[in-house]
Structure formats: C-alpha cells, structure tokens
Amino acid sequence: MWTEIPPGLILIVGSLLLAFLRGPALKAGLLALPLLSMAQVFSLPMDTVLQVDVMGITLTPVRVDRLSMVWGGVFSLAAVLASIYALHVKDRVQHIAALAYAGAGVMSVFAGDLITLFVGWELTAITSVFLIWARREADEYAVGMRYLLWQIASGVILLSAILFHVSAGGGLAFGTLVGQTTGFAQALFLIAFGIKAGFPLLNSWLIEGYPAATPTGTVFLSSFTTKLAIYALARSFAGYEPLVLIGAIMVVLPILLAVYARDMRAVLTYALNQQLGFMVVAIGVGTEMAINGVAAHAVAHILYKSLLFMAMGSVLTQVGSVREGEIGGLLRKMPVTAAMTLVGAAAMGAPLFCGFISKSVILSAVASEGMVMTWLILMFGSAAVFFVVGARLPYVVFFGEDKGIEAQEGPLNMRVAMGLTALAAVAVGVMPEMVYSRLPYPLDYHPYTVDHVVTMVQTLLGVAFAFVLALRMGMFAVKPAPVMVTSDWLYRQVAPRMWDRVQLAASMLVASVRDLAFTTAGRVVDWAARQGSPSGRLGSTTSTGQAVFSISVIFLLLMLLFFNLGDEFVTVGHAGDHGAESHEVQDDHGQEGDEASHHDVDDHGHPVHNGPHPNEPGSLVYSPMDKALHHPGEPAGPYDPADHGGHGGGHEGDHGDHGKAHDAHEGDQEVHDGDHGAHEEGHDAHEGDHGAHGEAEEEAPAPLGDSPPEGNGH
C-alpha cells in the first residue's frame, strides 16, 4: 500500500489540508508532510514500476531506478530543510504553494511516461509562481506573470513534442530520445527542457524571477525547477554533443553578468545558472562517469545553493535589503548567518565540502574524453564563481563598510535550517561515499587525490589574490547598475518599439482610408449633381417614345403589384364569402335567414339587405381601381359621397334598400310605416327595432389612401 502511492502525492494532497489548519497545527503539518514524503521515497524498492490504464492508455506514474532515486532523495531532503526554514511564516498561501511545488517535483522525477512527466512539469509551473506573487507588490506581480508565461510555454512545447513523438510511432515511455524520434520532435523536447534548465537566451525568467520571490520562496525555487530540467536532460539527452557547447556558454556568460548585479540574490541566481552549465556539459559528454557527475553535482548544488539563499533570505528578512550599497558590516550583528554564508561559498568547490566531490567527477569525465578546451572553460568557471560568490558576496554583506544598520539574527527555525543544510554539505564532502554509492552507475572514484586537491587549492589561492587586488584598485566601488538583458531584450525593447511602429502604421492606414472615403464620396456627390443639372443626363429632355415606354413599364409594375397583393387591399375588415352560394346568417335577434340574395323585399315592398348591414364593420368593399366604397354584390361605380348614406344599427332586416339609383339625398328624412320609427338627425342608436337615418351616421371604413366619405344617411 505504501509503495503504491505515487511519490509526491503526499505533499500535493497534504498541502491542500494546510488550508484548514491554524497555529501550532499548521506548523506541525508543514513539518510532518515533507518528513512523511521523504520516508516514503527512501523506502521505495529499487526497480519498482507502477502502471495504470487510463482510457486504454497505459501510464507509468512510478518508475524507481538509480537515476530517479538520486533526484527523488535530494528533492525530499530539500523539501524538509526548506519547510523548517519557512516555519515562522504565517502566510498559508506560501506554505500550500511550496509543498505542492515540491510534491510536483518529486512526482516528476519518478514519472515513467511522458504524460505523467507533463502533468508534473505543469504543476511545478503553476504552484511555483505563487512564491513570487506572495510578495504582494505590483512589480512582483508583473515579474510573476512573465515567469509564468515562460513556464507555461515550456509545458506547451513539451506537450507538442510528445504529440509529434507519439504520432511518429514513438511510445509514451520516458527514456532516451536522441535518435528515437523525429528531428522536429527532438528539437521541441530540447527547447522545452532547455527553458527550465536556463539555456542561453531562454533564462530571463530565471534571472528575473528568483530574486523577486519571498525569502523562503527563493529557497524552494532554487531546489526544484532547474534541477528537474537537468534530470529530464540526463534521462533523455545523455550523449547529445551540442549540449557540450550550450553548457560551456552557460558556464561563462552568467557569471560575467553576475559581476554587474547589485542585488545579492540576483548574484546567486546568476551563479546558479552557471552551475547548471557544469551539469549540461556533463550530459553532453554522456559517459557513465559524466552522468554520475551530473547526479552528484545535482545533490551538492541543491545543498550549497539552498544554504546561500537561506543566508541571504535571513538578511533580507532582518534588514529589508540585500543590495550592494545599502548593506554592509553585518558580521558582528549576524555572525551565525555570516558563518553559514562562508560554508555555502566553500561548498561550491573547496575540498572537504560537497561541491568538491561532485565537480571533481565532472572534470575527470571531461578530461578522460580529451576535451581540453572544455576542461579549461570549466576551471575558469570554478574560479569565477569563487570570485563573485565566494569572495565578493560575503565581503559586500558582512565585511564591507558598516552602514550602521540595526540588525539581529533571524528566527530560530531559520538558523536551524541553515545549520542542518551546512552539516549535510560538509558531511557529503567528508564522506563522498554517501552520494557515490547511490549514483546511477557503479563508480570507483577517489576525489581526494593530490592532483585534484592541489588544483583546487591553487584555484582558490588565485581567486583570493585577484580579489585583494580588485579591492585595492577600487573595482568594488558602488556604481549604478547597468541594464542587462538577454532574450528579454526582445519583449522589453524590440516588441514595444515594433508595437509603436505597428500602431503608427495602423493610424496612417486608417487616415488614408478615411481620406479616400471622403474623396470618393465627394466625387460621387459632384457626379450626381452634374447628372441633375440642365446639361446632365437626368436634367436633359427625352423623346416622347422613351417617356411613353418608361411610363408603360412603371404602370406594368404597378399592375403586377396590385395583382399579387390585391387580396390584401380589396377587403377591408370583412371575412366571409360574397359568392352566389347562399348560407345561413343570424341577425341581431337570433333569427336565421337565407343570404342567397342581398335584395329581398320586406312587407312594404321595399328591397331589403339580408347580408351584413352596409354600415356595420366589414360590410363595405373598397375597390382600388375606382376608389369607391360599395355594397358587396353591387357593381363598383364612380365614387360619389352622396351615394352612400348610413343605415342605423339595430335593425332586424326590416331596413329597405332604397335602390341603386339614389343620386342625391336631401337633408329631410323619410318616415316609413310599419316597423319604422321616426328618423331624427344626428342619431346613430335606435331603441327596439326602429332606427333613424341621420346626417351624422357613423363613418364607414376609410378607403386606403383616401379620406373617409361623408354623406347623408338614409
């Protein structure tokens, strides 16, 4: 059960539980989780392989071999030491991010397939950026965003490389890639790994990001991201010769730039980048001794670089700055921190310290391959890093001019963490077999030979002499720090200038288009004005035949329009059938009648209208051709307002139709016998069965486009 849990998962899942802890419980959890994870890692049986099937794909989240055990072991130890160093911090965000970040690093080095590697690769990117943002300052937010973009870019390129590799027939196993995949996929893998390894022109995120992190965050950052990339290169690109040249450039260039840095944590970051070059060179050599040297130096580098960042973090916590010109003379005020700084500086390569037993293996591996120039470059790099970090950094912070700063040692947990890390660095240097016995390949090597010791002592003495000479020459006088850029020159200088030019070109293009549009519109208006002038086409006379033809075409179009839309214009508000077929209708009193004809005769011999009353809604029909209202069934004739009087409402069919020959009606009213009452002027409503036909009848529905007809009612 213990071995079936992927290493690192304890830290990743456990870090989330820290969100629910407070006070002593939080500190206990912060310390217990990395200790538990380290116990799991060191108890893993060698050659353990754990595979799972996910959607038909076989993944290997755990693969334990000698190479992964070296990185897994030192990552676990680094997580414990860094957690002790951060115990005084009350920011849970930092604790959660730091432990999840460490867990992602541990998970990645035990990954046996590329998909699991990619997941851990991206987790390290997402979690580590919070260690920069935890400073909660505007500048650090911007730095963190650039850091994250580089890290995500590395992950995207890695995923692309995996897809190309698999599509070309390669498997998902995470192993040697040189010669095992297409050239394009191999290049993508190299770029993805190279970004996190701090290759030249791909390292701006490293130089800018690490000094911007919190004091405790930088300690975590210095241990995992770059060393994970070195592990990936050692696993997949061992013996790839171009790495020798890349590593040699890394050994020289960063340490030269470190001379101009004023922030001591930036100096350490440049030195970290330079030491990665040693490991990249050894990976390019690719022999068993060289890969052993890479693994040993990864252990030593994590120990002494963590110790140096711890010391500078303690100074930053107590003083508030680690910039040259702002600090100095802290030896008596922070003696423990000063001693730890000197141990870390010596551990970079002095005999009896961890860096000596690891660099010796790399130098021997390079020399055994006859790479004289490469060996000389590595020796120059060793001397340069001693000069910048081993001599200059302690002098600026502890032995230089006293700035009168009131300071004291950092919290107890910081001093304990520095003490344990220094003890480990010395123990590995004194007893190299502690590391040699765990290296990927069997190694029968003795670093403390006369030539190795004498060579390194001579180097240290030469550095000391050069440093004293530089002091007497005033080379360490504080000067304004120059602006130093590498690949970030592209997005700090080139990109803004190009963007300004693009904006200028765009504005010029918009202005040109606007001017062209205005000019074209003016020409169109001028042309239209000329056409309408007496001398233009629209203002000139035309022949009678052309005029008649044009009118005929317009008339034809109108006829077609009325023909197709006639049904919508003919009947105004009337639904029903006015054909010859008779149908039953019901009058206002519920009586049914036959509507076979609209001209029946009443009891008095008057013609009556059995259909809807002409004055009722829907009873009049408008003819578009003669523009007249007429009764349904009557032929449409010329419109005369006198032809249509209003019939009073409420009749039961007793109203007579006074014929189609009424040409005019007088204002006097005709009185009917029988059922008809007296018709009075102005009355629209009648009582009972009687209605009066007045002059002010209700208006009939107005024909479309004409005024409603007015006339005398019957």
Side-chain angles (χ1 to χ4, degrees), residues 38 41-42 46 65-78 80-81 109 223 227 230-231 234 238 272 275-279 281-283 285 287-308 340 342-369 375 378-379 381-383 385-386 389-390 419-460:
M38 184 172 67
V41 168
F42 282 104
M46 193 64 65
D65 58 14
R66 296 182 68 88
L67 185 65
S68 60
M69 277 299 295
V70 173
W71 265 267
V74 71
F75 276 7
S76 299
L77 177 61
V80 172
L81 295 174
V109 297
S223 301
K227 260 63 72 182
I230 294 298
Y231 168 80
L272 182 152
Q275 293 298 297
L276 296 174
F278 277 80
M279 292 179 265
V281 167
I283 293 171
V285 174
T287 61
E288 290 186 356
M289 177 177 283
I291 299 302
N292 281 336
V294 174
H297 199 51
V299 175
H301 186 255
I302 288 176
L303 291 176
Y304 70 71
K305 196 60 65 177
S306 295
L307 179 56
L308 289 170
M340 296 298 101
L342 292 175
V343 171
M348 291 187 298
L352 302 179
F353 293 93
C354 60
F356 177 80
I357 65 101
S358 61
K359 282 185 179 179
S360 296
V361 177
I362 293 177
L363 290 169
S364 297
V366 171
S368 64
E369 296 298 313
W375 186 88
L378 295 182
M379 287 303 299
S382 296
V385 76
F386 273 123
V389 177
L420 292 175
T421 306
L423 180 61
V426 173
V428 169
V430 174
M431 297 177 288
E433 286 299 321
M434 294 176 58
V435 174
Y436 287 171
S437 62
R438 298 176 179 273
L439 294 178
Y441 303 101
L443 180 64
D444 184 12
Y445 183 78
H446 301 283
Y448 291 104
T449 60
V450 174
D451 56 338
H452 289 161
V453 174
V454 170
T455 300
M456 190 57 63
V457 170
Q458 288 177 339
T459 301
L460 292 175

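Remember, it's a predicted structure, so these values are computed and weren't measured experimentally. Numbering starts at 1 and runs along the sequence shown. Basis for what follows: all heavy atoms, side chains included, without hydrogens, waters or symmetry-related copies.
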Least distance between heavy atoms, Trp71 atom then Ala295 atom: CH2-CA, 3.8 Å

Residues His446, Thr449; criterion side-chain hydrogen bond (donor to acceptor under 3.5 Å, both in side chains); working and verdict: CA-CA 7 Å; His446 301 283; Thr449 60; over 6 Å; no

From CG (Leu276) to CD1 (Ile230), nearest 0.5 Å: 5.0 Å

Heavy-atom closest contact (Ser223 atom, Ile302 atom, distance): O-CD1, 3.5 Å

Least distance between heavy atoms, Val70 atom then Val299 atom: CG1-CG2, 3.9 Å

Separation between CZ of Arg66 and OH of Tyr441, rounded to the nearest 0.5 Å: 11.0 Å

Contact check, side chains of Pro432 and Tyr445, non-hydrogen atoms, under 4.5 Å: no

Shortest non-hydrogen contact from Ala367 toward Trp375: CB-CD1, 4.0 Å

Contact check, side chains of Leu77 and Leu303, non-hydrogen atoms, under 4.5 Å: yes

Taking every non-hydrogen atom, the tightest pair across Pro351 and Met456: CD-CG, 4.0 Å

Minimum side-chain heavy-atom gap Leu443-Glu288 below 4.5 Å: no

Residue pair Ser368 / Val285, side-chain heavy-atom distance below 4.5 Å: no

Ile357 side chain reached by Tyr448 side chain, heavy atoms, under 4.5 Å: yes

Expected output: side-chain Ser364 to main-chain Val361 donor-acceptor under 3.5 Å: no

Any donor-acceptor pair under 3.5 Å from Tyr231 side chain to Val109 backbone: yes

Rounded distance [0.5 Å steps], CG in Leu460 versus OG1 in Thr455: 11.0 Å

Non-hydrogen side-chain atoms of Tyr436 and Asn292 separated by less than 4.5 Å: no

Between OG on residue Ser382 and CG on residue Leu363, distance to nearest 0.5 Å: 6.0 Å

Heavy-atom side-chain contact between Lys359 and Gln275 under 4.5 Å: yes

CD1-CG distance between Ile291 and Leu67, expressed to the nearest 0.5 angstrom: 8.0 Å

Rounded distance [0.5 Å steps], CG in Leu439 versus CE in Met69: 12.5 Å

Nearest heavy-atom neighbours spanning Tyr304 and Gly344: CB-O, 3.8 Å

Parallel, tilted or perpendicular: ring planes of His297 versus Phe278, cut at 30 and 60 degrees: tilted

Other residues, nucleotides, ligands: >12 heavy atoms within 6.0 Å of Arg438 CZ: no

Distance under 6.0 Å and angle within 45° of ring axis: Lys227 vs Phe75: no

